[in-house]
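Inspection log for the structure reproduced underneath, given as structure tokens.
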Amino acid sequence: MNHIPEILAPAGDANSFLAALAAGADAVYCGLKHFSARMQAENFSIQELARLTTLAHNMGRKVYVAMNTLAKPGEEAKAGRLADRLAKVVKPDAIIAQDLGVAAVIRQAGYTGEIHLSTLANVSSPTALSLMPSLGISRVVLPRELNVDEMRLMAEACPEGVDLEAFVHGALCHNVSGRCWWSSFLGGKSGLRGRCVQPCRRVFTRKGQPGRYFSCQDLSLDVLAKALLTIPQVKAWKIEGRKKGPHYVFYATTAYKVLRDSPDDPQAKKAALSYIEQALGRPTTHYGFLPQKSRDPVDSQAQTGSGKLVGRLTMSEARKYFVNPRQPLLAGDLLRLGYEDEAGHQVVRVTRSIPKGGRYDLTLAGKGRERPRAGMNVFLIDRREPDLVRRINALEAELSRIPEVDSVESSFEPTFPKPYRAPRGVRAESIHIWRQPPKGPAKGTAGVWVSATKTQHLPLGRAASTWWWLPPVVWPNEEKDFLDILEIILKRGGKRFVLNAPWQTGLIGRKRREMELWAGPFCNVSNPLALSKLKDMGFDGAVVSPELSGEDIMRLPKMSPLPLGIVTHGLWPLGISRTMTPEVKSCEPISSPKGEVCFVTRYGQNFWIYPNWELDLSEKEENLTKAGYLHIIHMREPLPKTIERKERGCVFNWEIGVL
């Protein structure tokens with residue numbers, strides 16, 4: 001029997017919030033000025049969001065607030081005070097988090113509403129869901145990479161009191177959410193902290209052929225979303241787009257409300273598809289939703305930006321720019337000239353209405369900017385139709401009757417765990433992690449990546465002394481294989497395991513008492529409160545995120561309730577993806593516009609994208625051991641013969657810090 005999921009709409013500013021309400025969204029999710037994974041959106045102040053939330057609640061709608069970034073050491077009190085003010089002033093129905101430390105401080109601050117676990121947390125396999133009640137999580141946002149059969153497996157594993165949220169529309173990241181360090185690795189602007197500059201959208205070159213090989217089309221399940229109506233644990237259909245305008249929010253929300261409410265009505269489906277076309281997003285794809293008809297989400301030669309092509313930029317004899325639009329333009333429309341990485345790119349607001357085929361003379365940005373070229377594509381990216389403006393104005397009138405709220409200060413201070421102190425005589429251990437360990441003696445202690453398919457390469461004869469590393473992502477359709485190989489390793493005497501998602505303790509089950517468990521670097525651990533939650537989950541130690549600044553890395557051992565490790569050398573991935581366009585072949589060099597070279601290697605179901613230079617903190621190792629790090633880790637990732645190693649002296653964000 002079909003159930004009725006909520007339509008969850010995005011809002012990056014007040015007009016988009018009102019557009020979501022006008023379209024009939026059951027819930028709106030948005031972010032504040034801090035701790036939001038969409039920091040490029042305008043976002044909200046506490047006072048502004050309080051009044052909008054009151055309006056939504058008066059209309060019987062819900063509001064979810066995203067605090068879904070990693071917290072660095074020293075940010076815990078700031079996050080707690082923000083949560084305290086949210087609880088007292090805004091009273092949202094849920095807060096969305098990815099960082100276990102942020103989730104912990106939200107509760108410490110007194111927030112009693114629901115906590116939803118962001119897709120950035122990467123809960124990707126069924127056994128992980130069994131942990132959610134003990135963590136106080138009532139909803140998990142599923143990865144976009146899951147097909148509908150895998151969503152059913154996740155749903156069947158949901159414990160009582162936990163439900164699921166699935167994306168139905170909006171931008172796709174090429175890499176798995178929470179498993180991308182591309183933007184951070186190239187300049188400290190971390191996607192895990194809402195600062196991604198989208199290097200994957202650039203034009204890359206392979207074998208002399210340029211293309212946007214990592215730039216995905218937008219997800220649009222459109223009529224296929226009907227299949228989710230038979231999965232009662234999927235309580236929300238989520239529309240991505242907190243950086244989009246009210247026009248997109250209104251039409252995308254309207255489309256999925258129609259598809260949910262009239263799934264078997266052909267005319268309703270036709271109308272919904274028309275609304276999606278009017279939403280001005282990128283070209284769309286069903287991606288991998290249907291396992292039997294999985295789609296490549298990349299068209300390397302297609303446009304990478306959102307918007308509808310309305311014409312090409314023309315230059316008059318007087319060197320004035322104009323466009324002859326293929327459809328009428330309205331006053332207030334926004335036009336984008338070219339692409340974000342193209343010289344002369346800019347956004348122009350239309351000041352008067354223009355009929356189809358008419359001429360609109362463009363007033364461009366001031367001096368000092370590179371001039372656009374004639375022939376550049378012009379896209380309509382946002383507009384203000386009279387009907388939508390009337391709807392928003394009517395809601396603004398209701399909003400104006402809601403009193404302003406007083407500013408509320410918070411004096412909240414978090415409670416920190418007691419720091420771990422290593423017993424006397426304990427020394428740092430050098431650990432080398434291999435894909436396929438050497439047959440002879442190896443330097444330091446050996447670790448090996450666990451493979452569910454290539455078990456013949458696992459050193460089962462040395463099971464007791466080996467550190468067994470689980471991959472950063474385990475998908476539902478491979479979970480049984482990992483359960484089987486873990487059982488074999490345990491029977492051979494294996495006891496030292498590194499889990500690269502906290503939820504992988506669900507794979508371990510009751511056997512964890514027999515093991516030494518460490519949280520790996522792909523858990524993105526970045527603060528002492530997150531480390532405290534890991535300790536509660538049964539971890540014996542943790543490897544910190546290497547994207548932190550040197551200052552933060554050196555501070556953590558004095559604050560951590562667990563012994564710590566750190567990756568000091570080796571190839572660190574730009575990102576991990578479940579998809580790769582067939583144009584890109586494994587182990588071939590691919591160059592960015594700035595001459596950065598990367599390559600792709602497939603392990604199991606995942607594609608690892610590596611730069612051709614290594615992370616190298618070797619010179620810091622002595623100071624790191626003095627600071628208290630007990631595991632000094634070298635990633636022995638193989639460099640293909642086809643790739644030329646670049647000596648870059650890379651220290652990740654050690655010196656520049658991470659935004």
Side-chain angles (χ1 to χ4, degrees), residues 6-69 71 75 77-97 102-103 105-116 118 138-139 194 236 238 241-246 249-250 253 391-414:
E6 65 186 22
I7 304 299
L8 177 56
D13 59 26
N15 280 331
S16 294
F17 193 107
L18 296 176
L21 297 181
D26 302 290
V28 182
Y29 70 100
C30 50
L32 298 166
K33 303 291 185 182
H34 303 283
F35 299 102
S36 167
R38 288 292 182 271
M39 291 304 294
Q40 297 94 332
E42 183 176 324
N43 292 321
F44 299 87
S45 68
I46 288 281
Q47 285 74 24
E48 181 183 26
L49 187 55
R51 295 177 67 236
L52 287 165
T53 300
T54 298
L55 175 64
H57 286 169
N58 289 346
M59 299 173 69
R61 321 292 179 83
K62 295 180 178 180
V63 175
Y64 307 149
V65 177
M67 291 183 63
N68 57 340
T69 62
E75 292 185 334
K78 184 178 180 181
R81 286 192 284 270
L82 191 59
D84 185 20
R85 295 173 66 208
L86 271 175
K88 292 174 178 174
V89 179
V90 177
K91 300 179 178 63
D93 299 276
I95 295 179
I96 307 166
V102 172
V105 84
I106 287 169
R107 288 296 189 221
Q108 280 193 28
Y111 177 73
T112 58
E114 293 184 2
I115 294 181
H116 297 174
S118 168
S138 57
R139 177 178 293 180
K238 187 169 194 171
R242 284 197 281 145
K243 291 169 62 180
K244 298 289 182 67
V249 172
F250 180 82
T253 302
R391 289 170 182 249
I392 290 176
N393 287 344
L395 288 170
E396 282 182 334
E398 292 186 41
L399 184 65
S400 67
R401 292 191 283 271
I402 296 173
E404 296 280 351
V405 297
D406 294 330
S407 177
V408 173
E409 298 301 321
S410 173
S411 58
F412 170 80
E413 291 293 336

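Residues take their numbers from the sequence shown, with the count starting at 1. The figures that follow rest on heavy atoms only: side chains count, while hydrogens, waters and symmetry mates do not.
- When all heavy atoms of S16 and G245 are compared, the closest pair comes out as OG-C, 3.4 Å.
- Every residue meeting the salt bridge (Lys or Arg N to Asp or Glu O under 4.0 Å) condition with E413, not counting sequence neighbours, appears here in chain and number order: R81.
- Side-chain contact between N68 and V102 is absent, with no heavy atoms from C-beta onward closer than 4.5 Å.
- When every heavy atom of S400 is checked against every heavy atom of A397, the shortest pair comes out as OG-O, 2.5 Å.
- Applying the salt bridge (Lys or Arg N to Asp or Glu O under 4.0 Å) rule to pairs touching residues 57-67 yields nothing, sequence neighbours excluded.
- Considering only residues two or more places apart in sequence or on other chains, Q108 meets the side chain to side chain donor-acceptor pair (under 3.5 Å) condition with none of them.
- Residues passing the side chain to side chain contact (heavy atoms under 4.5 Å, CB included) test with D26 are E6, I7, R260, sequence neighbours excluded.
- A donor-acceptor pair under 3.5 Å is formed between the side chain of Y111 and the backbone N or O of A94.
- Taking all atoms of both residues into account, the shortest heavy-atom contact from R107 to G113 is NH1-O, 2.8 Å.
- Listed by chain and residue number, D84 satisfy the salt bridge (Lys or Arg N to Asp or Glu O under 4.0 Å) test with K88 (two or more places apart in sequence, or in another chain).
- Annotation for V105 and A79: closest pair CG1-CB, 4.0 Å, computed over non-hydrogen atoms.
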Report task. Under the side-chain contact (heavy atoms from CB on, under 4.5 Å) rule, what do V65 and F44 come out as? Steps first, then yes or no, please. Result -> CA-CA 10 Å; V65 177; F44 299 87; over 6 Å; no
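- Residues meeting the salt bridge (Lys or Arg N to Asp or Glu O under 4.0 Å) test with E75, sequence neighbours left out: R193.
- Every residue two or more places apart in sequence or in another chain that forms a side chain to side chain donor-acceptor pair (under 3.5 Å) with R391 is listed here: D387.
- In this structure, SG on C30 lies 8.5 Å from CD1 on I96, to the nearest 0.5 angstrom.
- With rounding to the nearest 0.5 angstrom, the CZ atom of F17 is 6.0 Å from the CG atom of L49.
- To the nearest 0.5 Å, atom NE2 of residue H34 and atom NZ of residue K78 are 4.5 Å apart.
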Query raised in the report: Does the pair I402 and L52 meet the rule for a side-chain contact (heavy atoms from CB on, under 4.5 Å), with working shown?
Result: CA-CA 9 Å; I402 296 173; L52 287 165; over 6 Å; no
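- The heavy-atom pair separating V28 from A11 by the smallest distance is CG1-CB, 3.6 Å.
- Listed by chain and residue number, R51 satisfy the salt bridge (Lys or Arg N to Asp or Glu O under 4.0 Å) test with E404 (two or more places apart in sequence, or in another chain).
- One distance of note links CG of L21 with CG of L399; it measures 9.5 Å at 0.5 Å rounding.
- For S407, the side chain to side chain contact (heavy atoms under 4.5 Å, CB included) partners at least two apart in sequence or on another chain are Q47, R85, E409.
- Remark: T53 pairs with no residue by the side chain to side chain donor-acceptor pair (under 3.5 Å) rule, at least two apart or across chains.
- Residues satisfying the ring pair (Phe, Tyr, Trp, His ring centres under 6.0 Å) criterion with Y64, sequence neighbours excluded, are H116.
- Here the straight-line distance linking atom CD1 of I106 with atom OG1 of T112 works out to 12.0 Å at 0.5 Å rounding.
- The shortest side-chain heavy-atom distance between L18 and L55 falls under the 4.5 Å cut-off.
- For the atom pair S118 OG and I95 CD1, the distance stands at 13.5 Å (nearest 0.5 Å).
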Query raised in the report: Do L86 and L32 pass the side-chain contact (heavy atoms from CB on, under 4.5 Å) test, and can you show the C-alpha distance, the side-chain angles, and the key distance before you say yes or no?
Result: CA-CA 10 Å; L86 271 175; L32 298 166; 3.8 Å; yes
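- In this structure, F35 and A71 approach most closely via the heavy-atom pair CE2-CB, 4.5 Å.
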Query raised in the report: What's the verdict on side-chain contact (heavy atoms from CB on, under 4.5 Å) for V63 and K91, showing C-alpha distance, side-chain angles and the deciding distance?
Result: CA-CA 9 Å; V63 175; K91 300 179 178 63; over 6 Å; no
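- K238 meets the side chain to side chain donor-acceptor pair (under 3.5 Å) test with E165; sequence neighbours excluded.
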